[in-house]
Asks: 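Okay, here's the structure, questions in a sec.
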Amino acid sequence: MSLITGLSLQKMSVVTPSGPGHAALLESFKIHRQDQDLWCWVAVAASINEFYTGQLPKQCTIARDTLTNSQVMVNNVAISTCCPWAAHPECNMAFFADLALQQLGHLAGSSPGALVFSSLDVQIPEKVPTPPVPRGHPIACSIVGTQTPGAHFVVISGWEQTADSHQCIYVDNPSGPTASFEDYDEFVHGKETSWVFTYLTQ
Amino acid sequence: MGLQVESDPSYKIPTDGVAIFSEYMAPLFTDTEQRKGLFRTISPDSVRVMTPHKIYVAGLADAEGPDVLDAATPVGWRYLLFSGKKKTPFAAAEIAMDLENKNARFSRIVKSPRVPATAVELQEEKIGPKVADDDYELRFLRIRDLSFFGLWLHCYANKDDDFVIPLPPVPRNMAASEKISRADLIPRLKAIAVEVRKRFLRRP
């Protein structure tokens with residue numbers, strides 16, 4: 001098997017930084033893939049619940065509980081169940097991660113806009129706390145594109161300031177799922193998306 | 001002939017692209033007291049990079065319009081990263097650019113099922129003789145609003161010969177590794193866009 005004509009592989013050098021940087025990462029946080037196309041809000045809440053409790057709830061259960069508590073109707077019919085998820089496409093809707101987090105008891109606060117880079121350390125401290133104090137708190141955030149009627153929810157699980165002053169964040173996206181290491185400024189107000197709302201967790 | 005990467009004057013690979021993202025990568029290969037490196041099992045000396053492809057993005061309104069591929073805009077370049085002689089890439093690096101293909105800057109390094117899937121789809125045996133016979137440009141198409149990601153093979157001679165290969169997880173009305181013509185892709189993405197538009201709810 002070989003790559004198609006025109007594509008080739010070349011060796012590259014990873015640049016050694018000029019010194020140690022600063023960083024913190026919640027290594028035990030794991031993002032789970034969203035079960036339905038529009039369930040980023042559910043997958044984020046489920047993954048955060050697992051981080052704090054070790055229990056991974058079914059996404060369809062979170063969706064049902066949140067949608068019923070919010071009295072969501074589809075074609076004038078109240079949602080009564082979303083399980084199994086594949087049998088309930090009517091539950092596949094974009095909704096609000098903070099309501100799902102609140103339902104699970106993991107919403108600590110919310111605010112419009114992005115957190116400034118220096119304040120990420122408050123949620124995910126560089127200095128590792130002594131147990132049983134938790135290592136830190138994953139930060140849920142909503143991002144929007146230029147044409148999106150709603151938001152997409154992702155989680156920030158770490159940050160890194162390199163010795164060369166590059167500011168980056170670790171982002172976990174339930175679409176894919178995808179783990180990425182992103183330039184902070186590009187993530188906050190990039191050409192494709194902007195970070196518009198922040199949800200602190202507990 | 002075959003897949004063109006540099007002979008088209010509008011297709012200028014940024015000369016400093018690799019240098020830009022390589023500056024950011026070092027922490028990912030090393031452990032510290034505060035965190036383990038995302039790629040700690042990979043030696044930075046073993047990293048190889050594939051010829052990059054342009055990233056095109058479109059939104060919900062573009063997908064609802066007459067031709068989502070015409071509406072898509074370039075935002076940067078995507079580089080697949082391999083370790084040693086492994087045939088599966090471990091990550092993709094992205095740099096952002098302006099519309100004029102200027103002002104290159106680091107955007108992100110990504111680990112996702114779409115990364116290895118890209119390399120699989122680009123194998124000569126998999127993609128078939130069509131690409132080898134014409135002059136195609138490889139592009140990465142991202143439509144976040146639809147959770148759609150695909151490889152877009154753009155035909156220089158006739159855009160009607162363009163085709164797209166969706167990357168996993170693929171939407172319900174497409175199959176993995178399916179080569180979807182431009183004419184067929186547009187209505188399928190439109191159908192997804194209509195569903196997405198219906199399913200964004202207002203806050204209670």
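Note that these values count all heavy atoms, side chains included, but never hydrogens, waters or copies made by symmetry. So you know, we letter chains A, B, ... as the sequences are listed, proteins then strands, and number each from 1. Worth saying up front: this structure is predicted, and the values here are computed from it rather than measured.
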Asks: Go through the steps for A:Cys91 and A:Cys60 under the test disulfide (SG to SG under 2.5 Å), then give the verdict.
Replies: CA-CA 8 Å; A:Cys91 294; A:Cys60 59; over 6 Å; no
Asks: Top residue by heavy-atom pair count (under 4.5 Å) with chain A, among B:Glu33, B:Arg105, B:Arg197?
Replies: B:Arg105
Asks: For the residue pair B:Leu138 and B:Leu151, establish whether any side-chain heavy-atom pair is separated by less than 4.5 Å.
Replies: yes
Asks: Please flag which part of A:Glu192 lies under 4.5 Å from any non-hydrogen atom of chain B: side chain, backbone, both or neither.
Replies: side chain
Asks: Could you tell me which portion of A:Gln36 (side chain, backbone, both or neither) has an atom closer than 4.5 angstrom to a non-hydrogen atom of chain B?
Replies: side chain
Asks: Need one label for A:Glu126: side chain, backbone, both or neither, based on atoms under 4.5 Å from any heavy atom in chain B.
Replies: both
Asks: Side chain from CB out, backbone as N, CA, C, O: work out which of these in A:Ala163 comes under 4.5 Å of a heavy atom of chain B, or both, or neither.
Replies: neither
Asks: Strictly by modelled atom types, are B:Glu121 and B:Ser177 linked by a side-chain donor-acceptor pair under 3.5 Å?
Replies: yes
Asks: With ring-ring contact (aromatic ring centres under 6.0 Å, His included) as the test, would you mind laying out the steps for B:Trp152 and B:Tyr56 before giving the verdict?
Replies: CA-CA 9 Å; B:Trp152 171 9; B:Tyr56 279 73; 5.1 Å; yes
Asks: So which residues of residues 60-73 of chain B are in contact with chain A at a heavy-atom cut-off of under 4.5 Å?
Replies: B:Leu60, B:Ala61, B:Asp62
Asks: So do A:His32 and A:Pro177 actually touch side chain to side chain, heavy atoms under 4.5 Å?
Replies: no
Asks: Let's test your reading of the structure: which of A:Lys191, A:Met12, A:His22 forms the most heavy-atom pairs below 4.5 Å with chain B?
Replies: A:Met12
Asks: Give, as side chain, backbone, both or neither, the part of B:Leu28 having an atom under 4.5 angstrom from any heavy atom of chain A.
Replies: side chain
Asks: B:Phe140 ring centre to B:Arg78 NZ or CZ under 6.0 Å, with the angle to the axis within 45°?
Replies: yes
Asks: Is chain A contacted by the side chain of B:Phe106, its backbone, both, or neither, given a heavy-atom distance below 4.5 Å?
Replies: both
Asks: What part of B:Leu81 lies closer than 4.5 angstrom to a heavy atom of chain A: side chain, backbone, both or neither?
Replies: side chain
Asks: Given the options B:Ile109, B:Val115, B:Asp45, which has more heavy-atom pairs under 4.5 Å with chain A than any of the others?
Replies: B:Ile109
Asks: Decide if atom NZ of B:Lys190 counts as having more than 12 heavy atoms of other residues, nucleotides or ligands within a radius under 6.0 Å.
Replies: yes
Asks: Report yes if the side chains of A:Thr81 and A:His88 come closer than 4.5 Å at any heavy-atom pair, otherwise no.
Replies: yes
Asks: Flag the one option from B:Arg144, B:Arg172, B:Glu195, B:Met25 with the top tally of heavy-atom pairs under 4.5 Å to chain A.
Replies: B:Arg144
Asks: Determine the option with the most heavy-atom pairs under 4.5 angstrom with chain B, choosing from A:Arg135, A:Gln71, A:Gln34, A:Lys127.
Replies: A:Arg135
Asks: Is B:Thr30 close to B:Lys36 at the side-chain level, that is, under 4.5 Å between some pair of heavy atoms?
Replies: no
Asks: Among A:Asn92, A:Asp164, A:Thr162, A:Thr16, which residue forms the greatest number of heavy-atom pairs with chain B at distances under 4.5 Å?
Replies: A:Asn92
Asks: Do you know which of A:Phe96, A:Tyr199, A:Phe95, A:Phe197 makes ring-ring contact (aromatic ring centres under 6.0 Å, His included) with A:Trp41?
Replies: A:Phe95
Asks: Checking heavy atoms, do the side chain of A:Leu9, its backbone, both or neither come under 4.5 Å from chain B?
Replies: both
Asks: Only one of A:Asn69, A:Asp98, A:Asn49 clears side-chain hydrogen bond (donor to acceptor under 3.5 Å, both in side chains) with A:Gln103; which?
Replies: A:Asn69
Asks: Please classify the contact of A:Glu186 with chain B as side chain, backbone, both or neither, using a heavy-atom distance under 4.5 Å.
Replies: side chain
Asks: Would you check if there is a donor-acceptor pair between the side chains of B:Asp145 and A:His152 at a distance under 3.5 Å?
Replies: no
Asks: Heavy-atom distances under 4.5 Å only: say whether A:Tyr170 touches chain B with side chain, backbone, both or neither.
Replies: side chain
Asks: So for B:Val57, is it side chain, backbone, both, or neither that comes closer than 4.5 Å to the heavy atoms of chain A?
Replies: side chain
Asks: Side-chain donor-acceptor pair under 3.5 Å between B:Ser83 and B:Ser46, yes or no?
Replies: yes
Asks: Walk me through it: do B:Tyr79 and B:Phe21 pass the test ring-ring contact (aromatic ring centres under 6.0 Å, His included)?
Replies: CA-CA 10 Å; B:Tyr79 299 73; B:Phe21 68 76; 4.9 Å; yes
Asks: Please determine, by modelled atom types, if A:His137 and A:Tyr52 share a side-chain donor-acceptor pair under 3.5 angstrom.
Replies: yes
Asks: With chain B, which of A:Cys40, A:Ala23, A:Gly145, A:Pro20 has the greatest number of heavy-atom pairs at distances under 4.5 Å?
Replies: A:Ala23
Asks: Using non-hydrogen atoms and a 4.5 Å limit, figure out which bit of B:Glu94 sits close to chain A: side chain, backbone, both or neither.
Replies: neither
